[in-house]
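First the structure, in the form of structure tokens, and then the observations on it.
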Amino acid sequence: MSLIGQKDADHLRERFSDKLVNPVRLVMFTQEIECQYCRETRQLVEEIAALSDEIDVEAYNLITDAEKTQEYNVDKIPAIAVMGAQDYGIRYYGIPSGYEFTSLIEDIISVSEGDSGLSAATREAIAQIAKPVHIQVFVTPT
Amino acid sequence: MAIESDLIRADMVEAIEFPHLTSKYNVYGVPRSVFNETIYVEGAAPESVFLEKLLEAAK
């Protein structure tokens, strides 16, 4: 049973074909005995990737692929790193359902474009920061 | 914002799956955004508010 409905899949396929500029890799981290959300997350990620030639999936095991876990700086599962031409530091922890699904799609597009979509004033302000900032946004599936 | 700067990284964390974190950061309502462990924003804040908090966290 697919997680993304037919109508939504068609709409996304079109959107991706319209918007995606550069390839995007969805790098997933899960575990061998997949927790319920890990399984669904992986299925969701694979369904998304099937909607565009520009999107690829890589799946790793948090424990046995320790090198990758370290490389992508992932500490919880399920995890999705949305990778474009570079690592922009975007991670989704937990299953991206409800509103977060939309956020994930938008992030895939933004990452593909390599553009944040922020206002000029915001960009300027961000360019001035000198310290790393780690943002964590807590959400619930709706 | 993570896309805009190499210094910024951003996580979406689904609260129900990680109760130890929701407890650590006192998440009662969502969305709740946490910047560098110490600065908080509740709700879907506009870009300007988000930026303000980010800059505070980057001091």
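Here is the naming used below: chain letters follow the sequence lines, and residue numbers restart at 1 for every chain.
For B/Leu54, the parts lying near chain A are the backbone and the side chain together; criterion is any non-hydrogen pair under 4.5 Å. For chain B, the nearby part of A/Gln86 is the side chain; its heavy atoms alone come within less than 4.5 Å. With a threshold of 4.5 angstrom between heavy atoms, B/Leu21 approaches chain A through its backbone and through its side chain. When heavy atoms are compared at a cutoff of 4.5 Å, A/Asp115 approaches chain B solely by way of its backbone atoms N, CA, C and O. The contact between A/Ala130 and chain B is made entirely by backbone atoms, counting heavy-atom distances below 4.5 Å. Contact annotation for A/Val111: both backbone and side-chain heavy atoms come within less than 4.5 Å of a heavy atom of chain B. Proximity to chain A (any heavy atom under 4.5 Å) is shown, for B/Lys53, by neither the backbone nor the side chain. B/Asn36 touches chain A through backbone and side chain together, each having a heavy atom under 4.5 Å away. The part of B/Val27 that comes within reach of chain A is its side chain, from C-beta onward, which places non-hydrogen atoms under 4.5 angstrom from that chain. Both the backbone and the side chain of B/Phe35 come within contact range of chain A, with heavy atoms under 4.5 Å apart.
Between A/Gly89 and B/Ala2 the shortest heavy-atom distance is O-CB, 4.3 Å.
Between the side chain of B/Glu4 and the backbone N or O of A/Leu118 there is no donor-acceptor pair closer than 3.5 Å.
A 4.5 Å side-chain heavy-atom check between A/Ile135 and B/Arg9 finds every atom pair outside the cut-off. Contact of the B/Val13 side chain with the A/Val137 side chain is not registered, since no non-hydrogen atoms from C-beta on lie closer than 4.5 Å. Contact annotation: the side chain of A/Ser103 never approaches that of B/Met12 to less than 4.5 Å [non-hydrogen atoms, C-beta and beyond]. A heavy-atom distance below 4.5 Å is found between the side chains of A/His134 and B/Asp11. Within the 4.5 Å cutoff, the side chain of A/Phe138 has heavy atoms near those of the B/Thr22 side chain. A heavy-atom distance below 4.5 Å is found between the side chains of A/Ile95 and B/Glu17.
Within a 6.0 Å radius of NZ in A/Lys131, other residues, nucleotides and ligands contribute more than 12 heavy atoms. Around CD of A/Glu106, the count of heavy atoms belonging to other residues, nucleotides or ligands within 6.0 Å exceeds 12. Counting non-hydrogen atoms of other residues, nucleotides and ligands closer than 6.0 Å to NZ of A/Lys19 gives a total of 12 or fewer.
Note: the hydrophobic cluster containing A/Leu20 also contains A/Leu12 (ILVMFWY, side chain heavy atoms under 4.5 Å, direct or indirect links).
Side-chain contact check for A/Gln136 and B/Tyr25: at least one donor-acceptor pair (N or O, by modelled atom type) lies under 3.5 Å. In this structure, a donor-acceptor pair under 3.5 Å is absent between the side chains of A/Thr140 and B/Glu14.
With respect to chain A, the highest number of heavy-atom pairs below 4.5 Å among B/Ile3, B/Asp6, B/Leu55, B/Ile39 belongs to B/Ile3.
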